[in-house]
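Residue numbers begin at 1 in each chain, while the letters A, B, ... track the order of the sequences. All figures in this text were calculated on a predicted structure; none of them were measured in a lab.
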Number of protein chains: 2
Amino acid sequence: MKLSARVEYGVRAMSVLALHDRSGPLSLREISRSEDISFQFLEQIFLDLRRAGLVSSVRGARGGYYLSHPPERINVGDIVRALEGPITPVNCLAHSDGKESRCHRSEACRTRHVWEKLRDRINEVLDSVSLDELIGPKPDRLVKQAGS
Amino acid sequence: MKLSARVEYGVRAMSVLALHDRSGPLSLREISRSEDISFQFLEQIFLDLRRAGLVSSVRGARGGYYLSHPPERINVGDIVRALEGPITPVNCLAHSDGKESRCHRSEACRTRHVWEKLRDRINEVLDSVSLDELIGPKPDRLVKQAGS
DNA sequence: CTATATCCGACTAATCCACTCGGGATTATA
DNA sequence: TATAATCCCGAGTGGATTAGTCGGATATAG
């Protein structure tokens, strides 16, 4: 029940982009340094993030990446799914071809329901956190909830 | 974000034990056959389940395993944790020594909160399903909810 | 033209996982 | 008592996955 380093790095890197939103592209070299993540590994990760439409790139000198959408519209679930594919706690839940792939063992479906529930809850949690929230409470929000 | 085959097999095997609750020990050979799981692999799994106190064993001929507690008091979370250890979606959440292991990167804790939330929700879901419920709705329960 | 970037397929090393092996200990039953 | 059935257990193995690297192509600012 672990997420990959790709996801952990991806989320951290994306949170950096969120912090610098609307201030031009940020190069992977910088993110790599500030977050202490292998530059070449980050490259692989960002290829997938771009293909998923979460970030956009500017090539060439002074290029880099920036968020394709405002931080409040990108959530952790998007990043996880972009980097690991759909969340399937057990193999029998993976339906690569779009069909409802029933396990060949009919009675195996005794347990199917739990795994579906688990999958849905995981997605809910991940989808409930936006980059916006990730980079910390905004000042006004802080005032509101931590009034005393 | 996957569970191991150990867990999948373990839950299925435990559900078989639940079905035969209070009718003497069930041998791994039988479970192995009925659930089509490698016998020797099942042995490994049940060693851990026993060490976790979820099942008890009877050695020797006509021996086997039985649930240490009534099915409604054993939940899927118990089984998962017995077979995979504590649930830690990312490494920085693992505190092997009992201390609060902060990531050495202080700002990494920007993301820590999400992973903690995720971990807690996963545990909640897994803990909310007992073996009892897993082996299917009891007749009377079925009547109640599927009245029409 | 050069330096700085992204882009990308292929490769490698390490780790993990599913499963096996070979035996030892225990006990019902013939 | 002999035998077979069963749990017990440390150690190994082969394949898959993952984390990370490499080499080079392409694009662009200055």
task: Rounded to the nearest angstrom, tell me the gap between atom CG in L28(A) and atom P in dC7(C).
output: 8 Å

task: Only counting residues at least two apart or in another chain, list the ones meeting side-chain contact (heavy atoms from CB on, under 4.5 Å) with P86(A).
output: none

field: NZ/NE/NH1/NH2 to OD/OE distance under 4.0 Å, R121(A) and E124(A)
entry: yes

message: Can you identify which nucleotide, out of dA19(D), dG9(C), dT20(C), has its nearest atom closest to the R51(A) side chain?
response: dG9(C)

- request: Look at the side-chain N and O atoms of S57(B) and state whether any lies under 4.0 Å from the OP1 or OP2 oxygen of dC8(D).
  value: yes

Sugar-phosphate, base or nothing in reach of R29(B), heavy atoms under 4.0 Å: nothing

field: Atom pair distance, as rounded to whole Å: CG in L17(B) and P in dC7(D)
entry: 11 Å

- request: Look at the side-chain N and O atoms of S27(A) and state whether any lies under 4.0 Å from the OP1 or OP2 oxygen of dT6(C).
  value: no

- request: Return the value, rounded to whole Å, for the distance between atom CG of L47(B) and atom P of dT6(D).
  value: 16 Å

task: Pick base, sugar-phosphate or nothing for F46(A), based on heavy-atom distances below 4.0 Å to the nucleic acid.
output: nothing

task: Rounded to the nearest angstrom, tell me the gap between atom CD1 in I45(B) and atom P in dT20(C).
output: 11 Å

query: side-chain hydrogen bond (donor to acceptor under 3.5 Å, both in side chains) with E8(B): which residues, sequence neighbours excluded?
result: none

- prompt: What string of B, S and - do you get for nucleotides 22-30 of chain C, 5' to 3', if B is base contact, S is sugar-phosphate-only contact and - is no contact with any protein heavy atom under 4.0 Å?
  reply: --BBBBSS-

- prompt: Do any side-chain nitrogens or oxygens of Y65(A) fall under 4.0 Å of OP1 or OP2 in dC7(C)?
  reply: yes

field: Salt bridge flag under 4.0 Å for residues R33(B) and D36(B)
entry: no

task: Could you note down all residue pairs passing side chain to side chain donor-acceptor pair (under 3.5 Å) where residues 50-63 of chain B supplies at least one of them, sequence neighbours left out?
output: D48(B)-R51(B), S56(B)-S68(B)

- request: Please state how far atom OH in Y66(A) lies from atom P in dT6(C), giving the value in whole angstrom units.
  value: 13 Å

Whole angstrom value for the distance that separates P of dT17(D) from CZ of R6(A): 14 Å

field: Residue pairs passing the side chain to side chain donor-acceptor pair (under 3.5 Å) test where at least one lies in residues 37-46 of chain A, sequence neighbours excluded
entry: none

- prompt: Between Y9(A) and dG20(D), does any side-chain N or O lie under 4.0 Å from OP1 or OP2?
  reply: yes

task: Would you kindly give the CD-to-P distance between E8(B) and dC17(C), to the nearest whole Å?
output: 15 Å

- prompt: Does A61(B) have any side-chain contact (heavy atoms from CB on, under 4.5 Å) partners at least two apart in sequence or in another chain, and if so, which?
  reply: none

statement: Taken to the nearest whole Å, CG/D48(A) to C1'/dA19(D) is 14 Å

message: At less than 4.0 Å, is any side-chain N or O atom of R50(B) found next to OP1 or OP2 of dC9(D)? Yes or no.
response: yes

